[in-house]
J.: 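First, the structure itself, so that you have it in front of you.
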Amino acid sequence: MTLTIDGHAVTVPKGTLIVEAAKLIGVEIPVFCYHHKLDPVGACRLCLVELSPGPPRAQTACTTPVAEGMTVRVTSPMAVKSRADILEFELTNHPLDCPVCDKGGECPLQDFTYRHGYPVSRVQEPRLHFAKPLPISDRIALDRERCVLCYRCTRYYDEVAWEQELTTNQRGVQSYIATQFDQPLQSVFSGNIIDLCPVGALTSRVWRFQSRPWDMDHTASVCSRCAVGCNVNLWERRGELMRVTARENVEIDDGWICDRGRFEYTHVNSPERLAQPRVQRRPAAWEEALSRIAAAIKGRGPRLGLSIPADITNEEAFLLARLLNGPLRGARVVMPGRTSLPGPPANQLAIKDLDGCRTIVVVAADVRADAPIVNLRVKKAVAKSGARLLTVNPELIDFDRHPGVEHVAYEPGHAAAAVRKLFDHPLLQEGPVGILYGDSAGAEDGAAIATAVAWLAKEIGAKVMPLYRATNERGVLALGILNGDSLDGCEYVFTWGQALAGGVPKGVRFLACWDDFARPYHDRAQVVIPAVTFAEDQGSYTNLEGRVQFLVPPLQPKPPLRQGWEVLQDLGLALGLGSDYLGIFQVQRDAAAAYPALAALAVPPAPAPPPAPVAMGAARP
C-alpha cells in the first residue's frame with residue numbers, strides 16, 4: 001500500500017502500522033508504550049499524528065494500520081501540539097532524577113521532551129511520591145515515581161514470557177506497577193524489562209550507579225552462558241566490564257536474553273581472579289609452567305584425562321584436537337555440564353524456522369533451563385503464529401501452563417519409547433513439524449532419544465533441534481574430541497575450567513589446573529595457570545543450530561594473562577608439536593579448511609555497523 005507521510009511517499013505491506021512506515025523514511029514518531037515485539041495498545045498516546053481522510057482530531061500512529069492513499073501529517077500544528085500536551089501530562093508527576101538516574105543519556109523521555117515537548121514546564125503543584133527504589137528482585141529495582149505507565153513490562157510478561165509476575169495496582173493517577181502479591185520476581189527472563197522500560201523506572205541493581213552510557217564503549221559479541229548463541233553488547237569502561245545488554249538478531253534471540261546472560265558477568269572484574277601461573281604453589285613464568293605440564297602429560301595415552309570448559313572456543317578446540325592427534329593421542333576428554341546427546345542431525349531445524357512450524361514437539365527437555373531463549377521462540381510461535389505444542393516429559397514444564405498445550409507423560413528412563421509411540425499422534429499429521437529434544441538433564445540416554453527422534457522425524461517429515469546445554473557443545477562434537485563422561489581411573493589429569501561435579505579422581509599422580517578462580521582442589525595441583533574470561537577471549541562459538549558466531553572481547557587480558565589459543569599453541573610447542581600461528585585468524589583459516597562445520601571461520605567477522613542517525617521529529621511547539 002502506498003501512503004504519504006509529511007510529503008514523502010512510501011509503499012509498505014498491508015497491515016503495517018503508521019509508526020513502522022514512518023521509520024522507513026526516517027520520520028520520527030515518538031512512542032512509549034509501543035514496541036515492535038509487543039502487541040500495540042495505544043496507552044501512552046504520545047504517537048499522535050493527523051490523518052486524512054479521517055476525523056478532525058489526532059490519531060495514534062502505533063495502533064492505526066496504513067491505508068491506500070492515506071496522508072499522514074506528523075509535523076502539522078495539530079499533531080505537534082497534541083504530542084506536546086501528552087508529554088506535559090507524562091511529566092506532571094515525573095521526578096527530576098536525571099542527574100542520578102541510570103537511564104540518563106539513553107532515555108527516550110529525555111530525548112522526546114527535548115525534541116517534542118514544551119520548552120518550559122507549567123507544573124507548580126506538588127508531585128505524586130512513592131517509596132523508592134523498591135527491590136523487586138535481587139537484580140532489578142523499581143522506581144514508581146519515574147514510571148509513565150506504558151505497560152511494556154506487564155505486557156512482556158503476559159505476551160512473551162507467559163508468566164504473571166507483574167501487574168498494575170490502584171486506578172487513575174494513583175496507578176502503579178507492582179509484583180504479584182508483592183513477591184520478588186522469579187523469572188529467568190526478568191532482565192528484559194530493564195531494556196524495555198522507556199524511562200528509568202526499572203533499572204539493574206547489578207549495574208546501579210556504576211557508570212554512564214557516554215562513559216562506556218560497547219562491543220558486539222555473543223553470549224557465553226548457554227548454547228543458544230544470543231547476540232549481546234558488552235559494555236566496557238576503564239578496563240572493566242560494566243554491563244551486558246541484548247543485541248537483536250531476529251534469526252536467533254529476537255531481541256531477548258536470559259538473566260544468566262545479562263547478569264552473570266561480575267566475576268570478570270573480581271580481584272580474586274587468578275593472574276599468575278604457579279608451580280608447586282609458588283609464582284612461576286609461563287614457560288616453566290607449560291614445560292612442567294608438557295613433561296607430565298606427554299605420551300600418557302589413556303592414563304591422561306582432560307576436562308574442558310563448556311565455553312571453549314572453536315579455535316581452542318581445534319588447537320586441542322591437534323594435540324590429541326599427536327603427543328596426547330589416546331587421552332580421555334570430557335566436558336562437564338554437557339548433554340549426552342550425540343552429534344548434530346542432518347535435518348536440522350533452525351531457530352528462526354520455529355515461527356513457521358505448524359506443530360512443535362518438545363521431548364525430554366525443560367527448554368527454559370536448557371536453552372532459555374528457544375523457550376521464548378516456542379512461545380512466540382504458539383502465541384503469534386498459532387503453532388500447536390506437544391510436550392513429552394515425565395513431569396509438567398512451564399509450557400504446560402498454556403491451555404492449548406498437550407502433554408504426554410512417560411516413566412523416567414523411557415523417553416525413547418514414548419517418542420516412538422507418537423507416530424500416529426493427531427497433532428503430527430499436519431506439517432511442518434519441529435521436534436526439540438534433550439536428555440532430561442542427564443536422566444535419559446541421549447543417544448537412544450536421538451535415534452528415536454530421527455526415526456520419527458523421517459517417518460513424518462519433520463526437522464529436529466537437539467538442545468545442547470554447554471555453550472560450544474555442538475562445535476566440540478563437530479571436531480570429535482569428546483570421548484568420555486568421567487576421568488575416573490586417570491593418573492594424569494589436566495582440568496580446564498571448573499572440574500567435574502564429583503571432583504578430581506582419587507589416586508591422581510599429576511594434576512594441572514587451568515582456571516580463572518582458585519578452587520579447593522587446586523591445593524592438590526602441581527601446576528595452576530590462569531585463564532581468561534569470555535570478556536577477554538577471542539574466537540567463535542557454534543550454537544545449537546550449527547551457526548558459527550564470533551566472540552569479540554571488549555577487554556584485553558592484563559599481563560601475564562594470555563588468551564586460550566595462545567596458551568594451547570605454546571603448550572603444543574612444549575610438547576614438540578611445531579606451530580607457526582602468528583594470530584588467531586591463521587588458526588581460523590586452518591580450522592575452516594579442516595572441518596566443514598567450521599567453514600564460516602574462513603570469512604572474518606564483519607565490522608561493526610556505524611551508529612544509526614537519530615530520526616529528528618518536529619520542532620518544539
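Model, not experiment: these values are computed from the prediction. Heads up: numbering here begins at 1 and tracks the sequence.
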J.: Does a salt bridge link D398 with K379, judged by any charged N lying under 4.0 Å from a carboxylate O?
T.: yes

J.: Quick one: pull up CH2 in W256 and OH in Y156 and give me the separation to the nearest 0.5 Å.
T.: 6.0 Å

J.: Compare all side-chain heavy atoms of I435 with those of V363 and state whether any distance is below 4.5 angstrom.
T.: yes

J.: Quick one: closest heavy-atom pair of A416 and A448, and the distance?
T.: CB-O, 3.7 Å

J.: Dump the intermediate steps for side chain to side chain donor-acceptor pair (under 3.5 Å) on Q186 and E165, then the final yes or no.
T.: CA-CA 8 Å; Q186 301 293 330; E165 292 191 333; over 6 Å; no

J.: Begin with the C-alpha distance, continue with both residues' side-chain angles, and end with the deciding distance and a verdict on side chain to side chain contact (heavy atoms under 4.5 Å, CB included) for L166 and T179.
T.: CA-CA 4 Å; L166 282 179; T179 59; 4.0 Å; yes

J.: Would you kindly say whether E20 and Y34 are connected by a side-chain donor-acceptor distance under 3.5 Å?
T.: yes

J.: List the atom of C150, the atom of C33, and the distance in Å for their closest heavy-atom pair.
T.: O-CB, 3.4 Å

J.: Measure across S221 and L551 and return the closest heavy-atom pair with its distance rounded to 0.1 Å.
T.: OG-CD1, 3.4 Å

J.: Any side-chain heavy-atom pair from N472 and D311 closer than 4.5 angstrom?
T.: no

J.: Among D355, D253, D39, which residue meets the salt bridge (Lys or Arg N to Asp or Glu O under 4.0 Å) test with K380?
T.: D355

J.: Do we see a donor-acceptor contact under 3.5 Å between the side chains of T339 and D439?
T.: no

J.: Do V160 and L38 have side-chain heavy atoms sitting under 4.5 Å apart?
T.: yes

J.: Does any part of the side chain of V405, heavy atoms only, come nearer than 4.5 Å to the side chain of T391, both counted from C-beta?
T.: yes

J.: Is a side-chain N or O of T64 found less than 3.5 angstrom from the main chain of A61, in a donor-acceptor match?
T.: no

J.: Do other residues, nucleotides or ligands put more than 12 heavy atoms under 6.0 Å from the NZ atom of K421?
T.: no

J.: Determine whether Q588 and F550 make a side-chain contact, defined as any pair of heavy atoms from C-beta on separated by less than 4.5 Å.
T.: yes

J.: Look at R368 together with E163 and state whether they make a salt bridge at an N to O cut-off of under 4.0 Å.
T.: yes

J.: Where is the tightest heavy-atom contact between A21 and V10, given as atom of each residue plus distance?
T.: O-CG2, 4.3 Å

J.: To the closest 0.5 Å, what do you measure between CG (D424) and CD (E459)?
T.: 11.5 Å

J.: Measure the spacing between OH of Y541 and SG of C223 and express it to the nearest 0.5 Å.
T.: 8.5 Å

J.: Take atom CG in N483; do more than 12 heavy atoms of anything else shown fall under 6.0 Å from it?
T.: yes

J.: When you measure from the side chain of R358 to the backbone N and O of P432, does any donor-acceptor pair fall under 3.5 Å?
T.: no

J.: Identify which one of L436, V408, L428 satisfies the side chain to side chain contact (heavy atoms under 4.5 Å, CB included) criterion when paired with V361.
T.: L428

J.: Determine whether I308 and I481 satisfy the following criterion, side chain to side chain contact (heavy atoms under 4.5 Å, CB included), listing intermediate values before the conclusion.
T.: CA-CA 10 Å; I308 62 176; I481 61 177; 4.2 Å; yes

J.: Under 3.5 Å, is there a donor-acceptor pair between the side chain of N325 and the main chain of R322?
T.: no

J.: Under 3.5 Å, is there a donor-acceptor pair between the side chain of S137 and the main chain of I140?
T.: yes

J.: Below 4.0 angstrom, N of the basic side chain to O of the carboxylate: do R243 and E264 qualify?
T.: no

J.: Could you state the interatomic distance from CG (L328) to CG (L323), rounded to the nearest 0.5 Å?
T.: 5.0 Å

J.: Using the side chain to side chain donor-acceptor pair (under 3.5 Å) rule, take H414 and E444 through it: C-alpha gap first, then chi angles, then the decisive distance, then the call.
T.: CA-CA 8 Å; H414 296 81; E444 299 283 344; over 6 Å; no

J.: If you measure only the distance, is there a donor-acceptor pair under 3.5 Å linking the side chains of N543 and Y468?
T.: no

J.: Could you tell me whether the side chain of D537 and the main chain of T533 form a donor-acceptor pair under 3.5 Å?
T.: no

J.: Just by distance, do the side chain of E316 and the backbone of L568 share a donor-acceptor pair under 3.5 Å?
T.: no

J.: Give the ring-plane orientation class for F399 versus W162, where under 30° counts as parallel, over 60° as perpendicular and anything between as tilted.
T.: perpendicular

J.: Quick check on E411: does its CD atom have over 12 non-hydrogen neighbours (other residues, nucleotides or ligands) under 6.0 Å away?
T.: no

J.: I'd like to know if the side chain of N192 and the backbone of I257 have a donor-acceptor N/O pair within less than 3.5 Å.
T.: yes

J.: Do the rings of F318 and Y595 sit parallel, tilted or perpendicular, given the 30° and 60° boundaries?
T.: perpendicular

J.: Kindly indicate, with the supporting measurements, whether the criterion side chain to side chain donor-acceptor pair (under 3.5 Å) is fulfilled by S540 and T313.
T.: CA-CA 5 Å; S540 63; T313 65; over 6 Å; no

J.: Under a 4.5 Å cut-off applied to non-hydrogen side-chain atoms, are V532 and D516 in contact?
T.: no

J.: Is it the case that the side chain of S385 and the backbone of V382 share a donor-acceptor pair, with hydrogens and angles ignored and the cut-off at 3.5 Å?
T.: no

J.: Test side chain to side chain donor-acceptor pair (under 3.5 Å) on R474 and Q348; report intermediate values, then the result.
T.: CA-CA 12 Å; R474 176 155 181 167; Q348 171 72 48; 2.6 Å; yes

J.: After noting the C-alpha distance and the side-chain angles of M335 and I312, does the key distance pass the side chain to side chain contact (heavy atoms under 4.5 Å, CB included) rule?
T.: CA-CA 10 Å; M335 175 184 279; I312 183 175; 4.0 Å; yes

J.: Above 12 or not: heavy atoms from other molecules or residues under 6.0 Å from NZ of K458?
T.: no

J.: Would you give the length of the straight line joining atom CD1 of I373 to atom CD1 of I351, rounded to the nearest 0.5 angstrom?
T.: 9.5 Å

J.: Locate the shortest heavy-atom distance separating Q563 from P553; write the atom from each residue and the value.
T.: NE2-CG, 4.4 Å

J.: Is the backbone N or O of R152 less than 3.5 Å from a side-chain atom of H35, with the two atoms forming a donor-acceptor pair by type?
T.: no

J.: State whether D195 and R262 are salt-bridged, where the test is any N-O pair (Lys NZ or Arg NE/NH1/NH2 against Asp/Glu carboxylate O) under 4.0 Å.
T.: yes

J.: Answer yes or no: are there more than 12 heavy-atom neighbours, outside Q429 itself, under 6.0 Å from its atom CD?
T.: yes

J.: Is any side-chain N of the basic residue among R547 and E251 closer than 4.0 Å to the acidic one's carboxylate O?
T.: yes

J.: Does E248 come within less than 4.0 Å of K37, counting only side-chain N to carboxylate O?
T.: yes

J.: Do the non-hydrogen side-chain atoms of D254 and L376 ever get within less than 4.5 Å of each other?
T.: no

J.: In Å and rounded to the nearest 0.5 Å, what is the CZ to CZ distance from R225 to F534?
T.: 5.5 Å

J.: Any idea which heavy atoms bring C153 and L202 closest together, and the distance?
T.: CB-CD1, 3.8 Å

J.: Could you tell me whether a side-chain N or O of S204 sits under 3.5 Å from a main-chain N or O of V206, the two making a donor and an acceptor?
T.: yes

J.: Do the non-hydrogen side-chain atoms of T11 and M1 ever get within less than 4.5 Å of each other?
T.: no

J.: I'd like to know if the side chain of R388 pairs up with that of T359 as donor and acceptor (distance under 3.5 Å, no hydrogens or angles considered).
T.: yes

